[in-house]
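Counting starts at 1 for both ligands and their atoms, in listed order. Start at 1 with the first residue, then count along the sequence.
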Amino acid sequence: MTNSSLTQRIEELKREKGAVILAHYYTSPEVQAVADFLGDSLALSVKARDIDAPIILFAGVNFMAETAKVLSPDKKVLLPVPEAGCSLAESCKAEDFAAFKAQYPNHKVVSYVNTSVGVKALTDICCTSTNALQVVESIPREQPIIFAPDRNLGSYIQKLTGRDNMVLWDGACTVHEEFSLEKILELKQEHPEAKIVVHPECRAYIVQVADYVGSTAGILEYCGKSEANEFIVVTEAGILVEMQKRYPEKSFIPAPPMDSTCGCNECRYMKMVTLENILACLEAESPEVVLDEEVRRAAERSIVNMVAIK
Ligand code: 13P
Ligand code: SF4
């Protein structure tokens, strides 16, 4: 089937079943095109909670679909590729995290949403890259914190807040850790007027050269507001689709990874979602996200605490 006939069939099935597709900015262009809502992980969590539809199909990775199910237990949440994981979530298994947490009984736990539902159940308050600063600042300064699982986001927040009472889990995103400072600086020499925009999952030495640091939604907003016309984009390359759509008069240069033959400025998990598996999933209404109710309830508290702060 061609992309256009797959798209047409997906649109028909959405109408027939009252299904809504939520997609992250890192999915491929044809997947973004069938989405009813495109967003960053925070916006998609909020949308999943508020949306009035019996079926949500989540075009993204499994922690995002799980978050949607936690917030919307009565809706059917479909995930075309359950194996679409996340290197951050996978670096932090619930049983290992429980043992880590037990070493710090007086600490509050702040977890990035890029975690399994089991880790969220052990968390006091979740955060995303959009609201991590507000979440940490909502906790009294003298209260020690465990921040998991992204050590880069954690140390960036630690630097912004000057808090020395944060213990970091040692996880990282394999996409954002791969950017090359040398190549970014070469690009900057070729495009001296370009602003460097960086996701906080990148290493500290990359964050240091940024004109702007923020989540995918934050970066998009900054590029729109900035007077600059050129941007060196240091995050997953899928976001360029939305950037070029919103700001066709500006130019966006994807930052290359250290090894430019590896394609590793693309998240292989996000790219597992295709029009073919979306169609198959909508037709069969499967695979569906199913969660243990006790774990779901425990996880819900941490996400509701986060959404209340936004
Ligand atoms: P955002 O929260 O910026 O959407 O990022 C999610 C993510 O997976 C980053 O790698
Ligand atoms: Fe996870 Fe990194 Fe992919 Fe985001 S880009 S989903 S953090 S592996």
Novice: Within a distance under 4.0 Å of any heavy atom of Asp40, pick out the atoms of ligand 1 and give their elements.
Specialist: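 Those qualifying, in numeric order: 4 (O).
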Novice: Using a cut-off of 2.8 Å, how many protein N, O or S atoms lie below it in distance from atom 2 (Fe) of ligand 2?
Specialist: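 Step by step: take atom 2 (Fe) of ligand 2, keep protein N, O, S below 2.8 Å, and you get 1.
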Novice: For Glu16, look at atom CD and say whether over 12 heavy atoms of other residues, nucleotides or ligands are found less than 6.0 Å away.
Specialist: yes
Novice: Is it true that Glu293 and Arg296 have a side-chain N and a carboxylate O under 4.0 angstrom from each other?
Specialist: yes
Novice: The criterion is side chain to side chain donor-acceptor pair (under 3.5 Å); which residues satisfy it with Thr274, sequence neighbours excluded?
Specialist: Asn277
Novice: Is Glu66 paired with Lys120 through a side-chain N to carboxylate O contact shorter than 4.0 Å?
Specialist: no
Novice: Are any of the heavy atoms in Met270 under 4.0 Å away from ligand 1?
Specialist: no
Novice: What is the nearest protein non-hydrogen atom to atom 9 (C) of ligand 1, stated with its residue, atom name and distance?
Specialist: Glu201 OE2, 3.0 Å
Novice: Asp292: which residues meet the salt bridge (charged side-chain N to carboxylate O under 4.0 Å, His left out) condition with it, sequence neighbours left out?
Specialist: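 For Asp292, no residue satisfies salt bridge (charged side-chain N to carboxylate O under 4.0 Å, His left out) once neighbours in sequence are set aside.
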Novice: Compute the shortest N/O to N/O distance between Ser41 and ligand 1 and return yes if it is under 3.5 Å, no if not.
Specialist: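 Min N/O separation from ligand 1 is below 3.5 Å for Ser41.
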Novice: Below 4.0 angstrom from a heavy atom of Ser215, which ligand 1 atoms are there? Numbered from 1 as shown, please.
Specialist: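 Listed by number with element, the hits are 3 (O).
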Novice: One thing to verify: whether Lys183 and Glu186 come together as a salt bridge, which I'm taking to mean a side-chain N less than 4.0 angstrom from a carboxylate O.
Specialist: no
Novice: Parallel, tilted or perpendicular: which one describes the rings of Phe252 and Phe231, with boundaries at 30° and 60°?
Specialist: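 Aromatic pair Phe252/Phe231 classed parallel.
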Novice: Apart from Phe100 itself, what residues make up its hydrophobic cluster, given side-chain heavy atom links below 4.5 Å?
Specialist: Phe97, Tyr104, Val109, Val119, Leu122, Ile146, Val167, Trp169
Novice: Quick check: are there more than 12 heavy atoms from other residues, nucleotides or ligands sitting under 6.0 Å from NZ of Lys108?
Specialist: no
Novice: What protein heavy atom sits nearest atom 8 (O) of ligand 1, and how far away is it?
Specialist: Asn114 ND2, 3.2 Å
Novice: Considering non-hydrogen atoms of the protein only, which is the closest contact for atom 5 (O) of ligand 1, and what is the distance?
Specialist: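 For atom 5 (O) of ligand 1, the nearest protein heavy atom comes out as His199 NE2, 3.4 Å.
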Novice: Any heavy atom of Glu236 closer to ligand 1 than 4.0 angstrom?
Specialist: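 So Glu236 does not count as touching ligand 1.
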Novice: Taking Arg297 first and then Glu300, would you say they form a salt bridge - that is, a charged N and a carboxylate O separated by under 4.0 Å?
Specialist: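 Looking at Arg297 and Glu300, the cut-off is not met.
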Novice: Looking only at heavy atoms, is any part of Tyr25 under 4.0 Å from ligand 1, and if so is it the side chain, the backbone, or both, or is it neither?
Specialist: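 The answer is neither; Tyr25 stays 4.0 Å or more away.
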Novice: For ligand 1, note which part of Val113 has a heavy atom under 4.0 Å away: side chain, backbone, both or neither.
Specialist: neither
Novice: Between Thr216, Leu220, Thr128, which one has a non-hydrogen atom sitting closest to atom 3 (O) of ligand 1?
Specialist: Thr216
Novice: Strictly below 4.0 Å, N to O, side chains only: are Lys14 and Glu11 in salt-bridge contact?
Specialist: yes
Novice: Tell me whether ligand 1 is touched by Cys173 - counting only heavy atoms on the residue side and a distance under 4.0 Å.
Specialist: no
Novice: If the cut-off is 4.0 Å to any non-hydrogen atom of His176, which atoms of ligand 1 fall inside it?
Specialist: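 Reading through ligand 1 atom by atom, the close ones are 10 (O).
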Novice: Could you go step by step and tell me if Asn229 and Glu193 meet the side-chain hydrogen bond (donor to acceptor under 3.5 Å, both in side chains) rule?
Specialist: CA-CA 8 Å; Asn229 284 316; Glu193 302 299 321; over 6 Å; no
Novice: Drop me the distance from Asn305's CG to Cys127's SG, to the nearest 0.5 angstrom.
Specialist: 12.5 Å
Novice: With atoms numbered from 1 as shown, which atoms in ligand 1 lie under 4.0 angstrom from a non-hydrogen atom of Ser129?
Specialist: 1 (P), 2 (O), 3 (O)
Novice: For atom 4 (O) of ligand 1, what's the nearest protein heavy-atom neighbour? Residue, atom name and distance, please.
Specialist: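 Closest protein heavy atom to atom 4 (O) of ligand 1: His24 NE2, 2.7 Å.
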